[in-house]
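Data first, discussion second: the structure below is written as structure tokens.
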Amino acid sequence: MKYQLRHTTRYDYSSDVTLSHNEARLLPRDLPWQRVSDTSLVITPQPVRVRERLDFFGNRVSYFSIQELHSSLEVTLNSQITTLPRQLPPATLDLAWQNCVAQITTDTLAPVSLAEARLMMLDSDFVRSHTDLADYARQSFREDCSLVDAIQALNRQIFEEFTYDPEHTTIATPVLDVLNSRRGVCQDFAHLAIGCLRSLGLPARYVSGYMETLPPPGQTKLQGADATHAWLAVAIPGWGWLEIDPTNGTRPDERYITLAWGRDFADVTPLKGVMNGGGKDQLSVAVDVTPLTDEHLLELF
């Protein structure tokens, strides 16, 4: 699939900002299943300094500084993305999940980095292991169940038992509250699944990105109506990272665009910074994930 991605973040301030330093994790990753081209980051007001680096997890980070008086900040990403089918674990891979937990203490996880796997088992800002999470996960992680089957069962379990409710939680809502209320959004469900897996001793990482959404039949897709999305990946010893999306009960495919990954949302925040002044701010975000046909691509040139 080929997509034109546009993501605009805008802050309007109640009083002028005199100076701001910012970090944006808005540039998509180049991956075996994802090719990124024609990418630009447009920042208004124009910053005096822009630098790009890779963070600890390999995400692309843009640092920029604005040193003029401003009452708003707008950052727009434009990028063309080509997505390819993701590989899936072979049917012959039949690893009992308890044996996989034991392997975390060895060096037999390749191609998964042992250091990264162990890091993705630790408590993080938004995800902490707990016996309640382990108990919930064991409904899917039954005795002698294969790791891949158990992961897929947990994915379906969360999808079927939880209600998508954007009014119920905030970024600060604890995972245990989500578990008890059975309500939340994609970010909550990703954190919940990660907490369940880590509580069993399995490495799991948070993935941020986008997913192509379709309008209701007979209706035109509204500009800016898409949104960022969140899912997760689980380490499979001897194979790699398997992605699941508990919000939709599916495994990510060519409709998904990967932006960044880390221990939880705190590691992949799209835009953050510090500033002098500003007062209260009003945030607005608009995202468009537009499929590109061959005709669309010809029009671009």
Side-chain angles (χ1 to χ4, degrees), residues 7 9 22-29 31 54-61 104 112-134 136-137 151 154-155 157-159 162 164-166 168-211 227-236 240-248 251-252 256-273 283 285:
H7 180 166
T9 304
N22 308 272
E23 277 192 351
R25 283 172 173 79
L26 289 167
L27 300 174
R29 299 180 67 127
L31 299 164
L54 295 180
D55 68 11
F56 179 82
F57 303 103
N59 303 313
R60 299 171 65 184
V61 183
I104 303 303
V112 176
S113 160
L114 184 61
E116 183 181 14
R118 289 180 175 175
L119 178 64
M120 294 301 174
M121 293 171 57
L122 300 176
D123 287 347
S124 53
D125 288 351
F126 291 107
V127 182
R128 297 188 178 277
S129 298
H130 196 278
T131 54
D132 288 355
L133 297 174
Y136 180 76
I151 291 169
L154 178 64
N155 196 38
Q157 181 180 332
I158 294 175
F159 170 69
F162 285 72
Y164 187 90
D165 185 352
H168 187 74
T169 59
T170 69
I171 180 59
T173 302
V175 169
L176 289 179
D177 288 1
V178 176
L179 176 64
N180 292 329
S181 69
R182 297 293 201 271
R183 309 182 81 84
V185 295
C186 59
Q187 183 177 299
D188 300 308
F189 302 151
H191 283 156
L192 172 68
I194 291 170
C196 288
L197 292 160
R198 290 180 185 170
S199 297
L200 294 176
L202 292 165
R205 68 189 183 194
Y206 183 97
V207 185
S208 69
Y210 312 89
M211 182 181 69
T228 56
H229 192 44
W231 58 98
L232 65 140
V234 193
I236 308 294
W241 291 90
L242 176 64
E243 294 183 323
I244 57 172
D245 176 8
T247 302
N248 295 290
R251 290 185 300 208
Y256 288 69
I257 297 172
T258 301
L259 179 58
W261 60 58
R263 294 163 298 177
D264 59 27
F265 175 78
D267 288 330
V268 300
T269 305
L271 184 61
K272 62 182 179 181
L283 170 65
V285 178

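We number each residue from 1, following the sequence as shown.
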Can you check whether [X] reaches [Y] side chain to side chain, under 4.5 Å on heavy atoms?
X: V178; Y: F162; result: yes
X: L154; Y: L197; result: yes
X: S113; Y: L119; result: no
X: R60; Y: L54; result: yes
X: T169; Y: Q187; result: no
X: F159; Y: I244; result: no
X: V185; Y: Y164; result: yes

How far apart are the closest heavy atoms of [X] and [Y], and which atoms are they?
X: I158; Y: A193; answer: CD1-CB, 3.7 Å
X: V112; Y: A117; answer: CG1-CB, 4.0 Å
X: F189; Y: P246; answer: O-CG, 3.7 Å
X: C186; Y: T247; answer: CA-OG1, 3.0 Å
X: S129; Y: S199; answer: CA-OG, 3.3 Å
X: A227; Y: Y210; answer: O-CD2, 4.1 Å

For the backbone of [Y] and the side chain of [X], can you confirm whether one donor and one acceptor N or O come within less than 3.5 Å of each other?
X: D267; Y: W261; answer: no
X: N59; Y: R29; answer: no
X: E116; Y: P203; answer: no

Rounded to the nearest 0.5 Å, how far does [atom2] of [Y] lie from [atom1] of [X]?
X: L26; Y: L259; atom1: CG; atom2: CG; answer: 6.5 Å
X: D132; Y: L176; atom1: CG; atom2: CG; answer: 6.0 Å
X: L133; Y: I194; atom1: CG; atom2: CD1; answer: 11.5 Å
X: M120; Y: R263; atom1: CE; atom2: CZ; answer: 7.5 Å
X: L179; Y: D188; atom1: CG; atom2: CG; answer: 11.5 Å
X: I171; Y: T269; atom1: CD1; atom2: OG1; answer: 7.0 Å

Under the rule for side chain to side chain contact (heavy atoms under 4.5 Å, CB included), what residues qualify as partners of [X], not counting sequence neighbours?
X: N248; answer: M211, H229, D245, T250, Y256
X: T9; answer: H7, Y11, L271, L283, V285
X: T170; answer: A172, T173

Pairing residues for S208 by the side-chain hydrogen bond (donor to acceptor under 3.5 Å, both in side chains) criterion, not counting sequence neighbours: none

Residues passing the side-chain hydrogen bond (donor to acceptor under 3.5 Å, both in side chains) test with S124, sequence neighbours excluded, are R198, D264

Can you list every pair that meets side chain to side chain donor-acceptor pair (under 3.5 Å) and has a residue in residues 176-185, with sequence neighbours left out? D165-R183, H168-S181

Any chance you could lay out the side-chain contact (heavy atoms from CB on, under 4.5 Å) test for V175 and H130, step after step, and finish with the verdict? CA-CA 10 Å; V175 169; H130 196 278; over 6 Å; no

Are E23 and D55 close enough, and set up right, to give a side-chain contact (heavy atoms from CB on, under 4.5 Å), and what steps lead you there? CA-CA 11 Å; E23 277 192 351; D55 68 11; over 6 Å; no

